[in-house]
Every structure is written in structure tokens, then in C-alpha cells.
Amino acid sequence: MRYAMAIDTKKCVGCSDCVVACQTENDVPIGYCRDWVVEVMDGTYPQLEMEIRSERCNHCENSPCVRCCPTGASHYSEGGIVLVEENKCIGCSACITSCPYDARFVHPKGYVDKCTYCLHRVKKGLQPACVAVCPTKCMYFGDLDDPRSEVSMIIKKRKWKTLIPEAGTKPHLYFLI
Amino acid sequence: MNSRRQFLKISSLSAAGLIFGGGLLDAFANNLVKTNPSHFKGPFDFTRTPTYCEVCFWKCAGWVYKDENGRIKKIIGNNDDPNCNGRFCPRGTGGVGMYNDEDRLKTPLIRTEERGKQTFREATWDEAFDYIAKKLTKVKKEYGPESLALFSHGSGGKYFGKVLKGLGSNNIAAPSYAQCRGPREVAFIATYGQGINSPENTDIRDTKCLVLIGSHLGENMHNGQVQEMSDAIDKGATIITVDPRFSTVASKSKFWLPIKPSTDMALLLTWMNVIINEELYDKKYVEKYCYGFDQLKEHVQQYTPEWAYGVTSLKPQQIRETARAMADAAPAVIVHPGRHVTWYGDDTQRLRAVAILNALLGSWGRRGGYYNPEKASVPHFEIPKFPKPNKSWREALGGKYKLADLALASGLCDASMPSPDLGHQVKAWIVNGTNLINTLPNQANTLKAIQELDLIAVVDTMPMEITGYADVVLPECTYLERYDSLRVSQGREPSIALRMPAVEPKYNTKPAYWMARELAKKLNLLDYFPFENLEDEIDWELQQVGTSLEEMQRIGVKRIKREYDDLYFAKDENVEFNTNTGKIELYSTALADEGFEPMPVFVQHPEPQEGFYRLIYGRAPMHTFSRTANNPNLTDLMDENTVWVNPKVAKEWDLKNDQYVYLENQDGIVSDFSIKVRVTERIRFDSVYMVHGFGHTDKRMKRCFGKGVSDTQLITNVMTDPIMGGTGMRGNFVTFRFDNKKEA
Amino acid sequence: MREEIIVSGRNNPLIDPQLHIWHWEIPLYLFLGGLAAGVLFFAALYTIRNRENDYRTAVKIAPFVAPIALVIGLIALFLDLHHKLYFWRLYTTIKLESPMS
């Protein structure tokens, strides 16, 4: 079982609903965010083009954060989802330096926090909070090992890219372009 | 000292021992310390209550979830609701912030004078209602009931409206009319015999071509429309965006027409020219349903693409291409009417052009164009008839704007100042849930009007600027803490939604219904409020339509079957439109009767002078103007607006990205605060853009005070629409300053 | 021109700017650690080469600096941790691939 998420940049309007929904679902304190929205624009007026992406932890298969965690707090869990165990984390910030996507942050309580693909919802058969709330329905989540899941079918159909592929992290977050 | 070998042995043993023992300790500790891996944060079995959102007019229905301590945790959409389909927008999801905001109004306040300075003192509800009731009675006796006015934007307006009507006044205005969608309503009523209203009846999910002229869908988060646009993109619809700025939707469009600001009318008339001359219009539809085609054909001959090139700076080839693309997709094409259309003073005529274009393409009443909306009919509990007002708001405006179908907020504001043109003067305001200081353009005018009043009572949840000018401030609890009347909104199928409180009102706040009823008690108008509790009235209404409060509390939204199966026009159906001629009026007889142009005419609008740039404003998807400016969840996303400046302009003025500047407009008004510069290619060199709703001056709102600039402050040149009084706000130009000292 | 911005706000000084994750504690610890190592190295070197009497300070007195420096360094390291009460976890796990371990 390998969980992955695909986000359609052609439909995303950058409304940041995913950020607020994640905040209310996961009790992320005000001032912090587990995911964020990036807008990239290229060109000169009036020949312009723009891409909008919602970024978060990519739950990499070969993640540098799990490798460099000294206490094993950062670990692979069900379906390849990378999680942080609060009681093992010492807050040394090694994982924050090693993440090429800047996905982690230090929670005010002291441990390191990041997107968890809402495992508590996925276990109940629901989708992660961001996927469930997106008004443009541009986010897809599912099991890559299941050929009939939404994610498997959409990445077969559409062109996609991952971020910073040269880092060799094998991320599980695909951006449909 | 021991021999070296022994020393080493002991130390290596102890090192091994440490590791081994450490592992044991680890395992031991794991059992001791409660394992709380960070991903198990619930959901436990939450209790949920239904509500519908109050953050904007779309009123999506949803569920409020509480955690095990009974605190509001999150708000998500109701899957049965046709307005949102189970997905809330960022402002709706951030509604929890409205409840948690510690800067909320907490208790009633009355203006008093202490040691020569005016200040607010805390008062009891009884005191506050006494004050208001006494003043209202006094004003009514001295000046007549027509001198009382209500400005409302929100659910509470209904109840205060009953109080005002009971007193004999019908001066009830919402700023969303003359400051926002008014011209659109009048234009479509003149053409099709019915307005658009809310939510808009655009059939975006089935359209093949969506033309957005003056709409930045995606940045204005009209939930249902954004969802349907996403569906349309999936189905491969063509989007044509006409915008001087490279908006979000422009980046998703097949055609982006970077039009010169203020020349949209020229483009619309030119499109009509191309579509009529190349015979791309829907001949059968026009012949069967439209009146005035021959006059229109003759009228648009002068508006050729070559002429339009000089006016709009759009290439003739582009204009022809897009016109053909629209006609190709007809009748599944929508020329979107937008919503905030008060731009240059000729807005009713521009919206008439939009309506005419839709008629030529045959999209009104067809799938993929405009559907026929239906609203559930929920009977109301019978109350005694209101006294007929001696004078209406129309007389307050001196008999102008006969074609306006709703009262004008700006008109009533103007009517509060003594003037020889007026029928009578308005002397008392009740303001419910609208921050008039940031809503009405020309702030100086609004402030002058306020000074002339005998009474101004403000009902609000947050200490917005308008509360600073009030005589009495009544703190309302948020939509999460109260019952409100049923939401009966129009749509493809009628639906009703229930709002019930999730938690008790915080601090000393109360719902608007309770306030209006208590006020009615003091004014002897209790006959109009027969139910003590709003939930009893809601239950009565629900019983009339075959359900009950108890059922609605379980399901939240009830969809009702359409009474008439007329979502779209049937083939060859004979349709009668509610116009003078009974047909779609391409040539408007109603406008001609009042002495206005029966067909839209292009008018050149003033351009900025050297060194000045046109101020264009818009929305951000994470905010609803001032209403959410202090919301902690939403200020996390965006806490200030930025001014978009073209790189060529930035070079001229030596502006760098993230620099702070002040803005000065053509009338010498300088912005109170500075605004961050965003140097971007996305805006034309002759304009600057900013998001509306920032630049707050009330210190009590700690998160948004002093952040960004209020574009309302810089809108002093108001171009009034002669047909219905809409206040055009895009005729203001600004320049940059590096200090805000006003020249003596 | 190319414009890449974060639209949803990220008021988190712990991530942005990203190069500023560790503060003064880490350089202090590294410096003191290196100092202690250097002192002990030279003390050992002179002892092995039987020159301890020529460099009495280096061999007999200087090594006392080493534990003091290490203790201060470790205190600095401890202060840098955000989840301080769980510092003992560092000593109960070995992860070969982690530079921190």
C-alpha cells in the first residue's frame, strides 16, 4: 500500500482552502501551516503564464528526514506515510534542514510537525482534509498500488511532474500539468 | 592508577552496557510515557450541528463539529447542499476564526462624554434599547417615519426591517445594490424582464464557452461558480477572459484579452457587430424571442473591430476570433454578467450590452447558458399588515432613479444631508452588519452625513470603523451562536437550509432577532414578532412545507422538487417575458420611455494624467472584504494587501519589491497607511491593483489595524449611474508618495 | 520576469528564511568540542612522544579545560533542542545513517 496525492495545477485557483481546512482539522496553531500555496508566473505583459500549486510534505519513499532523525521519531508508517512521533522527537531540527521541500516546522509544544496525509481520516475511509474541502476538486488521493484508485488512474492519464526530482527523494506528491 | 588494559576493558564494557541498558530503558519508557503519536488527533465521535455560512452572500450550508470539550473545532460543507456540494470555501472553513476572535464586540456600548472627550461606556441591554427606542420615537414625531433608515447586509436585516416597516418607513437599503450588483439587475430586468439575483443562474457546469468580462472568478470565491468552472475545465470548455490584469482565471483561459481599462463597452458592441454581420447569431432564437433586432443591427454597424483596436488596444483578429469561438459554442455559452459592476457610471448600459449579447447567442434559458432558477415557497406566519408609508425612499432621492428596483444605500446616505433637491431628509440610521465607512465610496461624504444624524445605532460582531461613529453599539453574536430564518435560495432546484447555534453566545452578545424583538417591545410593535423564540417560528414554517425543526436539525438541508419543469426553454416553447413588449428587448422600450439610450452607446471615460495610474481593486479568495480582515485563521493566509505595479512603472519611480509606499489620489487624498509594493508583469502599465478590505483604522481590531491601504479612502470621484444611481468607483487615479504628510 | 511567491502566507520564522534553522548554540558547541578535542590530542601526542616534561601545561593542566568545554558545549546543545524533556531519547537509539545520532 503506497499512499500518494495528485494535484491538478490547471484547476487550482490558489484559494488556500487546503491551508485553512488542515489548520482546523489538525489543530495546527495560528501562525503555522502544514501546507501552503505557491504561485509561479513567467513572461512579460501580455505574454504571461502562471502555475499555482499547493505544496506540503511529499511523504517521500527515500526521505532524508527519516534517514537523519537521531531518535527515530521520524518514521515510515502505514502506506509509506512519513510521521513524527511526538514522544521521541527531541526538536533538534535536523529533519528541517534535510527536507528539500521545507515541509516541516517546529510546533510550539517543542516537537516537529508536518502534514500527515490525515492518516486518522484515511484509516476511516475518508480523504485528507485538504482533498475533501478543495472547491475546485483538483486534489486526488489514494493508493498507488491499487490500479483503480483515483490517483493511479489520473497519473496514467495526465502529464505530471514532481518537485526537485534531482534530490532523489522519490516523492509521493504529483503535480498534474 | 590501574593498568591501561584494564581501564579499557571496563570502559568498553560499560559502553556496551550503556547501549544495551539504553535500549531496555527505551522500551520501558515507551510503556510508561503515554504513546501519543501525532497523527491520532481524532476525529472522535464529534457532535455536529447544521448551519449556513454568513461570511458571504452565497450562504453555503454546512456542519459545525465540536470536540470532546464542546468547543467548535471545524466547519465543513453539507453534501446535500446544491450551493456548495459539501465543500466550503476558505472563508467558510475559516469561520471558526470569527467565533474565536478575541477582538469581538463584547457588550452594548453607549456614547457619552467624559471630561470633555467623547467615549463609549458599557451599558445594559435595557439601557441601550431604551435609548434607541426613545430616539426613534422622537425622530418619528419630529420628522415623520420616512426619516428613519436601515442599512443592512446580513441575516439580521429582516428583523430590524420589520421594526422599521412597523414604524412606517420603507427606507431599507443594502449596499450590495447600488454599490455592487444594482446595474446588473436593472439591465437584465429591462432586457429579459427578470434580474439575476443571488446565487447567479449561470449554468457554468454545462457550458462550452465561458466569457468573463469583468469577473475574476477564482479570486472571487463564489463557491458554486468556482466548482462549476472547475467542472467545465475538466470537460474542455473554452474560457475567454477580458481583464486588464492577468488574473488567476486569465491564466486558465484559452483567450486572454488584455483590454484597456474603461473600454469594455466598446468590446461588447464590437462583438455584437461581428456576430451580427458574420451571421453567427442564433437566428431562430432571435426571431422568436427578441424585439428590436433591426434597430440593433443598424446601431452596431459603426463599432467595427478596426475601430475597437484604437479604443481598447485589442487586435481586430483577436476580437473576431473570440466572437467566432463564442458563436461556435452557442447556445452553451455564457457571457458572464459579473457581480460587482459599478465601475464608470454607464454600468447599466454596459450590462445591457452583456444581456443583449447573451440574447444574440441564444444562451438565456438554454443548457450551458442561463437556466431558469426556482425558489422554494415557504409561507410566513401571518402578521398584521404594516402601515403604508406616506413617503418612500424614492421621494427621499428626489424622484430620480425610477428604474431602480431596490433602495440605494448611497442614496439614503446622501439623503441624510440637507439639500434642496430632496423630498425629505433622513435623520436616523440603524446599521446592521455593514461597515459603511469602507463600503460607500467618498468617505468624506459618509462622515458628513453621519454628523447630521440624530441617531445612529450599529449592530455588528466586530468593532469595525462604523461602530466608532455610532451613538449605540449593539454586539451581535456570530452565526455559529444563533438561530436565523431559513435560507431559501434560488437555484436549479429549490432548497431550504437551517441555521442553528452550535454553542452559546460568547461574552454579552445576542442574536439580531432577540434585539429586534426587544426593541419592538419598547416601541409597541410586538404584534409583528409573535414568536418569542425564533426556533418556534422556524418550526412553524417547516411544518408548512412538510418537515419539522427536528428533521432539519438532523439533515441540515432539504431539497425540494421544482414546482414547474421549466429549467430550460423547451424546444419551440412560447415564452412570455416580463417586459413591455413581452419579448426579450434588444431595443429597450423601458429605458427609452425614461429618456435614456434604448441601446448601449460607447462613451469615452477620463484617463489618468501623467504620473497617475488607474486604481483597480478586486477580491482575494481568502477574504470577504472587511468582514474577515481580523479573522485569525484568515489573516494567517493574507494579513495585508499589496499594490501591484508594472515593472516599467516601478523602474520609473525606483520602486522595489516589498517596499512600502503611500498612495495619493487625484483629489489630493493621501492614504492613512503605507502599502507593500508588488512589482509584477501581471498588471498593465497604466493601472495599479489592490485587494479591497484592508487599511483599517480602528485600533480595537489588533490583527488588521494599520495593515495595507483602504481603497475606499482613495475612491473620492464617484461616477453616478443616471439610470439607477449606482456608484461607479473605477474612475480614480493614484500616484506614489514616500511619506504621508499632508501639504499645508 | 519570473515571479515565485507563496500566496497563502507562511508567518513561520522557523522555516523561512530556511538557512536560519540553528542559532548560536550549534557553532558554540562545535567550537568547544573542537577545542576539547584539540587539547586532548596535543596532550596525548606529547605523552606518547615522551615530551611531557617539556610541555607541562599542555599535558597536565590543559586537559582540565576539555571536560569544562564539553559540558558547556553539551549544555548549549541541550538548549538548542525544542523538545527538551525528551533529550534522553538521543541516548537510547542508534541510527547509523543519521549524522546527528
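None of these values were measured; they are calculated from a predicted model. Per chain, numbering begins at 1; letters A, B, ... match sequence-line order.
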Between chain C and each of [options], count heavy-atom pairs under 4.5 Å; write down the option with the most.
| options | answer |
| --- | --- |
| Ser54(A), Ala73(A), Ala94(A) | Ala94(A) |
| Ser98(A), Cys18(A), Gly43(A), Gly72(A) | Gly43(A) |
| Pro108(A), Ser16(A), Cys92(A) | Cys92(A) |

Original post:
Is the shortest heavy-atom distance from the side chain of Asp8(A) to the side chain of Phe175(A) under 4.5 Å?
Top reply: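 Answer no - side chains too far apart.
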Subject >> Contacting moiety of Val38(A), where chain C heavy atoms sit under 4.5 Å >> reply: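 Interface part for Val38(A): both.
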Original post:
Sub-3.5 Å donor-acceptor pair from the side chain of Thr169(A) to the main-chain atoms of Asn62(A), do we have one?
Top reply: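 No; judged by distance alone, with no hydrogens or angles, the pair does not exist.
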Original post:
Any idea how Tyr117(A) and Phe141(A) line up, ring-wise: parallel (<30°), tilted (30 to 60°), or perpendicular (>60°)?
Top reply: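 Perpendicular, since the angle between the ring planes exceeds 60°.
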Original post:
Roughly how far, to the nearest 0.5 Å, is the SG atom of Cys118(A) from the CZ atom of Arg34(A)?
Top reply: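 The CZ atom of Arg34(A) sits 7.5 Å away from the SG atom of Cys118(A).
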